[in-house]
Amino acid sequence: MAHPSRRHVLGLAATAPLAATGILALGAGTAHAADSAYVMGYFTESTTMLEADYGLHLAVSTDGLRWMPLNQNNPVVTPSGGAGGLRDPFILRKQDGTFVVLATDLKGTDWTRNSVYIHVWDSADLRTFTGYRLLKLHDMTNTHSWAPEAFWDAGRGRYGILYSSVNSSGHNVIMVSYTTDFRTTESPQVFFDPGYDVIDGNLTIGVNGVNYLYFKRNGTLVGARSTSLNPGSFTAFSTAVSHGGTEAPTVVKSLTSNTFYLWGDTYTPNGVFYAWQTTNLAAGTWTALDQRLYTQPLNSKHCGIQPITSTQYDNLVAKWGAPAWNRLKSYNFPARYVRHSNYAGRIDEYPFDPYTDSQWKLVPGLADSSGVSFQSVNFPTRYLRHYNYELRLDANDGTSTFAADATFHRVAGLADSSWSSFRSYNNPTRYIRHANFALRIDPVSTSTERQDATFHVGY
């Protein structure tokens, strides 16, 4: 949630803290034994706001690292009340196995707009969304309710909703309001206030008897911990991590190992996700994850991630559909993607606009259907072809020469067999590679050249 300014509170309903309770059995993003995949909720923005869309977007992943957007990266539902748009969506699987979706009531980047409400939907399966409503969290005035996240508190027998607001201290704190039905709330109180500005609270619950709260402080991601979930019980402890100005921490546990991943995104409209990993949350230290290993949904911002079953994964893909396009990530420059610019093929660092320059339909090869041709999404009459060994985006003139120049054979990646390389159809000793970030076809022999010629086909 990108928001540089602070708000002052004119009034806060006085509420006594509830009695101490035990550690949760289930919480935000907690996996069930049958889970084997993940779903992500997000909204979208891009460098020129070409892809600014403040509806609920969904993506799925089998490893929590490489994500496939659903519904062609279009929203699956958009709020009709409040500001008419959302930010910071969060998906919670409730105690009965159904889902609830929460989101900030804000469209765009008008940080002066304050709301005591959040958007809420119910969903049995994230294929249909019912019961849309605005949920009031508190009675404070001239302040906001940013980045809501919910968790089940077994001791209280109700759900807690965390959110960022300004209380009488004059800086942002993490608040909590409790609910049994996500239709009314009670007992708004400060959940975490370390004495400085904090937003974007994310809970990881019950890891060896300890609960972890990650949050944004001064453009970094910091952790606090407590053996209970009582408001006021958390103490900051971790080493801060960031990549530039970073916000929206989301901690996700691997479903196949003891590894935890910490996601965060840069708080500009052209946000980029970065990820860190650890096998020991108690240590409070994180190691940056190789960008080759993860890919965020195109133009995604401030995500929420929830484990799901393989059946739920399959049902979501069947309902919303896989993308009809791909993006290609460079192996040795994994922040860069294959794109066309002024009709020249190259790799550029994500993000950029028009973002559609990096979207490709991999169609049967124009000269050999066992091969592949790269059809531009935003210029569908044009294909990547080589000309004087340089790759450029040209209109298909229907000739056999064009078809041959625009056809490539996809093979195991020359630098990593789990990736891909593309051998020219009519110059079979040459492969697509980048040189000074420009794409061309060349013979490949050295280790650097093999890396230059290796790409990940994803989304």
Side-chain angles (χ1 to χ4, degrees), residues 68-69 72-73 295 298 321-333 336-348 350 352-446 448-459:
M68 181 175 75
Q72 307 305 316
N73 211 34
T295 303
L298 179 61
W325 43 268
N326 290 101
R327 293 191 298 157
L328 282 76
K329 174 187 284 193
S330 166
Y331 178 80
N332 49 355
F333 291 88
R336 292 178 177 262
Y337 288 79
V338 170
R339 69 170 300 186
H340 61 84
S341 179
N342 295 321
Y343 301 125
R346 53 180 296 106
I347 60 169
D348 279 342
Y350 170 85
F352 46 76
D353 272 339
Y355 66 91
T356 45
D357 289 353
S358 65
Q359 292 176 296
W360 304 95
K361 290 186 176 182
L362 275 60
V363 300
L366 299 180
D368 181 349
S369 61
S370 68
V372 63
S373 291
F374 298 93
Q375 182 183 19
S376 168
V377 164
N378 54 348
F379 292 91
T381 64
R382 293 177 177 263
Y383 296 78
L384 269 185
R385 57 89 61 96
H386 64 81
Y387 189 87
N388 290 333
Y389 304 133
E390 296 176 346
L391 259 65
R392 66 191 204 188
L393 193 72
D394 281 350
N396 183 0
D397 62 10
T399 65
S400 59
T401 297
F402 182 94
D405 290 347
T407 298
F408 304 88
H409 285 287
R410 181 176 177 177
V411 299
L414 299 179
D416 183 331
S417 61
S418 68
W419 290 45
S420 296
S421 293
F422 297 91
R423 187 179 69 244
S424 169
Y425 169 77
N426 55 354
N427 285 269
T429 63
R430 294 175 179 262
Y431 294 80
I432 295 177
R433 55 87 55 106
H434 62 82
N436 295 321
F437 306 131
L439 292 176
R440 50 182 295 112
I441 58 168
D442 280 336
V444 171
S445 58
T446 69
T448 296
E449 290 167 348
R450 288 193 291 271
Q451 293 184 46
D452 291 346
T454 300
F455 304 90
H456 174 67
V457 180
Y459 306 102

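By convention here, the first residue in the shown sequence is residue 1. Note: hydrogens, waters and symmetry copies are ignored here, and every other heavy atom, side chains too, is used.
Side-chain contact between Pro69 and Trp325 is present, with heavy atoms from C-beta onward closer than 4.5 Å. Between Arg433 and Arg440 there is a side-chain heavy-atom pair separated by less than 4.5 Å. Looking at heavy atoms from C-beta onward, Phe437 lies out of side-chain contact with Ser330 at the 4.5 angstrom threshold. Between Tyr389 and Asn427, the closest side-chain pair of non-hydrogen atoms falls below 4.5 Å. Inter-residue side-chain proximity for Tyr331 and His456 is flagged as unmet; no heavy-atom pair is nearer than 4.5 Å. Counting heavy atoms from C-beta on, the side chains of Asn396 and Thr381 never come closer than 4.5 Å.
Using modelled atom types, one side-chain atom of Thr454 and one backbone atom of Ala415 make a donor-acceptor pair closer than 3.5 Å. Side-chain N or O atoms of Arg385 include none that pairs as donor or acceptor with a backbone N or O of Asp405 at under 3.5 Å. Side-chain atoms of Thr407 do not come within 3.5 Å of backbone N or O of Gly371 as any donor-acceptor pair. Remark: side-chain polar atoms of Arg327 are paired, donor with acceptor, to backbone N or O of Tyr459 under 3.5 angstrom. Proximity of a side-chain donor or acceptor of Gln72 to a complementary backbone N or O of Ala322 within less than 3.5 Å is detected. For Trp360 (side chain) and Val338 (main-chain N/O), a donor-acceptor pair under 3.5 Å exists by modelled atom type. The closest donor-acceptor contact from the side chain of Ser421 to the backbone of Ala453 lies under 3.5 Å. Between the side chain of Asp397 and the main chain of Thr399, a donor-acceptor pair closer than 3.5 Å is present. Between the Gln359 side chain and the Asn378 main chain, no donor and acceptor come within less than 3.5 Å of each other. Of the possible donor and acceptor atoms, none in the side chain of Asn436 sits under 3.5 Å from a partner among the backbone N and O of Ala438.
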Check against side chain to side chain contact (heavy atoms under 4.5 Å, CB included), Tyr337 and Thr295: CA-CA 11 Å; Tyr337 288 79; Thr295 303; 3.4 Å; yes

Criterion side-chain hydrogen bond (donor to acceptor under 3.5 Å, both in side chains) on Asn426 and His386, from CA distance to verdict: CA-CA 10 Å; Asn426 55 354; His386 64 81; 2.8 Å; yes

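Relative orientation of the Phe408 and Phe374 rings is tilted, given thresholds of 30° and 60° on the angle between their planes. In this structure, Phe422 and Phe455 have tilted ring planes: the angle between them lies in the 30° to 60° band. Under the 30°/60° scheme for interplanar angles, the aromatic rings of Tyr343 and His340 are found to lie parallel.
Residue Ser369 comes nearest to Pro364 through the heavy atom pair O-CB, 4.0 Å, listed as atom of the first residue, atom of the second, then distance.
Side-chain contact annotation: Ser420 with Arg410, donor-acceptor N/O pair under 3.5 Å present.
Remark: Asp442 CG to Asp452 CG distance equals 9.0 Å, nearest 0.5 Å. From Asp348, atom CG reaches atom CZ of Arg336 across 6.0 Å, with rounding to the nearest 0.5 Å. To the nearest 0.5 Å, the span separating CG on Leu366 from OG on Ser400 amounts to 11.5 Å. The line from NZ of Lys361 to CG of Asn326 is 11.0 Å long, rounded to the nearest 0.5 Å.
Partners of Tyr355 by ring-ring contact (aromatic ring centres under 6.0 Å, His included), not counting sequence neighbours: none found.
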